[in-house]
Amino acid sequence: MLDVEGSGVERFQVEPTKIVTMDFDLAMTLDCGQVFHWEPSGDGFVGTIGEQAVFVEQRGDLLRVASASSRWDNEQGQDARATVARYFALDHPLREICASFPNDPAMNAARDFCRGLRIIRQPKWECLASFICSSMKQVAHIRQISHKLRERFGEPRRIRNEVVYTFPSAERIAASSEKELRKCALGYRAKNLLATARQISSGDVDLESPTQLSDTELRARLCDLPGVGAKVANCVMLFAYERLSAFPIDVWIERVLREKYFPRARKLNVARLRAFTEKYFGSHGGYAQQYLFHHARKSRAKTNRKGTHRPFVTVPRVR
DNA sequence: CTCCAGGGATGAT
DNA sequence: ATCATCCATGGA
């Protein structure tokens, strides 16, 4: 396994600094299913932003930040605050964004529930790879896959007496094999992740260049990649390309749309739902989607499939 | 144990 | 163009 002590990479700690925030809820932002690798540490969280290991802790409107990285990665030193502020999109006008949401009961409930949730700016490859692995997986298991990929193929970073791992580059994944990837519980997704990594590492596809493409063109480019369909493409557009109108439709959102916006409707295929979401939720549809998603997931968790509360607590059977 | 999950690719109507 | 199946895996 990887030996942090003996890896030969010198590291240093940046002094903890503070960031003043407004309309930001760190825990909810990290727990809403848009990103999969942050872990609780003390009263905050540890994770990586690109190649940097980061600790973040929220106290009211204050964010305490500490970071560590390899020496040559961070010559400029104290820009951890700028890195964190950009990653968490603290510059998004959240008040205005929420005010732009449509005024209906489901949306209002979600907006109230998700106060302070921000759509973050993720590294493109990391986001793309994570969502290729997300197909037919629960959030908890995507987190497990992310962790295994990092542990096996990423680089260790020490932060606050803990070890976190960077997300492996496309080159590193491409140099792997389907067999190795399957050890990370990827199942049939291994083939897609490997094929996409190869297209990127070969230079055939550049994730950084298409930033000036239209949403439609960017979506088409992403859908050319193995394992990427409309849903995954929209997630990557929203979470990594800052296309805030992208509206991923997964099983949760489809359920919300059917129940809250089309109760008792026949002939409701995905195409019709898409037409509706694009005109109804507008230019910040991605934010609206994430609020609806998180609210549905967190409030449905304790109820059964019929949406009614369980009449009694189930007791584990003693064997 | 059973159910189902931030779907996509493929082949059948 | 729409619809049905299969694909692996493990958390709840």
Side-chain angles (χ1 to χ4, degrees), chain A residues 28-38 110 114 117 119-120 122 126-149 178-196 199 219-240 243 246-258 266-275 277 285-307 309-310 313-319:
Chain A
M28 182 146 40
T29 295
L30 294 179
D31 187 43
C32 71
Q34 63 178 323
V35 65
F36 306 102
H37 72 282
W38 292 88
C114 298
L117 195 168
I119 303 293
I120 69 177
Q122 299 187 39
E126 174 181 325
C127 182
L128 171 63
S130 298
F131 278 97
I132 286 176
C133 299
S134 75
S135 154
M136 288 302 293
K137 279 295 181 187
Q138 297 179 167
V139 171
H141 194 219
I142 304 169
R143 296 179 62 89
Q144 181 183 336
I145 290 173
S146 169
H147 180 70
K148 287 184 176 179
L149 285 173
E178 182 177 339
K179 188 175 181 180
E180 286 295 309
L181 292 175
R182 278 177 179 266
K183 292 179 182 176
C184 299
L186 279 174
Y188 62 89
R189 303 157 194 84
K191 187 188 300 288
N192 290 329
L193 181 63
L194 181 60
T196 293
Q199 288 194 28
R219 186 178 297 109
R221 292 289 163 272
L222 291 171
C223 285
D224 285 338
L225 296 167
V228 179
K231 191 270 173 183
V232 169
N234 278 320
C235 284
V236 177
M237 290 172 65
L238 178 59
F239 301 135
R243 304 299 175 104
F247 195 104
I249 298 179
D250 69 330
V251 292
W252 285 94
I253 284 297
E254 182 169 348
R255 196 152 50 212
V256 168
L257 292 176
R258 289 180 185 277
R266 308 281 176 262
K267 295 278 295 175
L268 201 57
N269 54 26
V270 183
R272 286 212 54 204
L273 286 177
R274 168 139 310 288
T277 59
Y287 257 98
Q289 183 273 0
Q290 194 60 23
Y291 277 43
L292 290 171
F293 172 82
H294 185 59
H295 179 50
R297 219 167 64 82
K298 288 303 177 181
S299 58
R300 174 77 77 111
K302 292 187 202 127
T303 63
N304 64 20
R305 209 174 39 207
K306 296 191 184 80
H309 282 81
R310 284 180 176 154
V313 178
T314 57
V315 180
R317 186 149 26 131
V318 180
R319 299 191 295 135

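Since the model is a prediction, treat every value here as computed from it, not as a measurement. Computed from heavy atoms alone, side chains included, the values below leave out hydrogens, waters and symmetry copies. Reminder, nothing fancy here: chain letters follow the sequence lines and each chain counts from 1.
- Both Pro226(A) and Phe36(A) lie near DNA chain B, and the one whose nearest nucleotide falls closer to the 5' end is Phe36(A).
- Residues Phe247(A) and Arg274(A) share a closest heavy-atom pair of O-NH2, 2.9 Å.
- Shown here are the ring pair (Phe, Tyr, Trp, His ring centres under 6.0 Å) partners of His294(A), two or more places apart in sequence or in another chain: Phe113(A).
- Within the 4.0 angstrom heavy-atom criterion, base atoms lie near Gln290(A).
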Next item on the list: Starting at the 5' end of DNA chain C, write a dot or bracket for each base, bracketing those in Watson-Crick or G-U wobble pairs whose two distances are under 3.5 Å and using | for partners on another strand.
Entry: |||||||.||||
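- Heavy atoms of Arg189(A) sit under 4.0 angstrom from at least one base atom.
- Put simply, the side chain of Gln122(A) gets close to the backbone of Gln34(A): a donor and an acceptor are under 3.5 Å apart.
- In terms of modelled atom types and a separation under 3.5 Å, the side chain of Arg258(A) and the main chain of Leu268(A) share a donor-acceptor contact.
- Looking at heavy-atom distances under 4.0 Å, Leu186(A) makes no contact with the nucleic acid at all.
- In this structure, Arg143(A) contributes its side chain and Trp38(A) its backbone to a donor-acceptor pair below 3.5 Å.
- Among the heavy atoms of the strands lying under 4.0 Å from Gly227(A) are primed sugar atoms or P, OP1, OP2 only; no base atom is included.
- Both Lys148(A) and Asn269(A) lie near DNA chain C, and the one whose nearest nucleotide falls closer to the 5' end is Asn269(A).
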Checklist line | Pair Phe239(A)-Val35(A), side-chain contact (heavy atoms from CB on, under 4.5 Å): steps then yes or no | finding: CA-CA 9 Å; Phe239(A) 301 135; Val35(A) 65; over 6 Å; no
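- Among dA5(B), dT9(C), dG7(B), the nucleotide with an atom closest to any side-chain atom of Ala185(A) is dT9(C).
- Between dG11(C) and Gln144(A), a contact under 4.0 Å exists linking OP1 or OP2 to a side-chain N or O.
- Taking each heavy atom of Ile132(A) and Val232(A) in turn, the nearest pair found is N-CG1, 4.2 Å.
- Using a 4.0 Å heavy-atom cutoff across all strands shown, Ala230(A) reaches sugar-phosphate atoms only and no base atom.
- For the P atoms, the distance from dA8(C) to dG11(B) is 15 Å, rounded to whole Å.
- The phosphate of dA5(B) has OP1 or OP2 within less than 4.0 Å of a side-chain N or O from Arg255(A).
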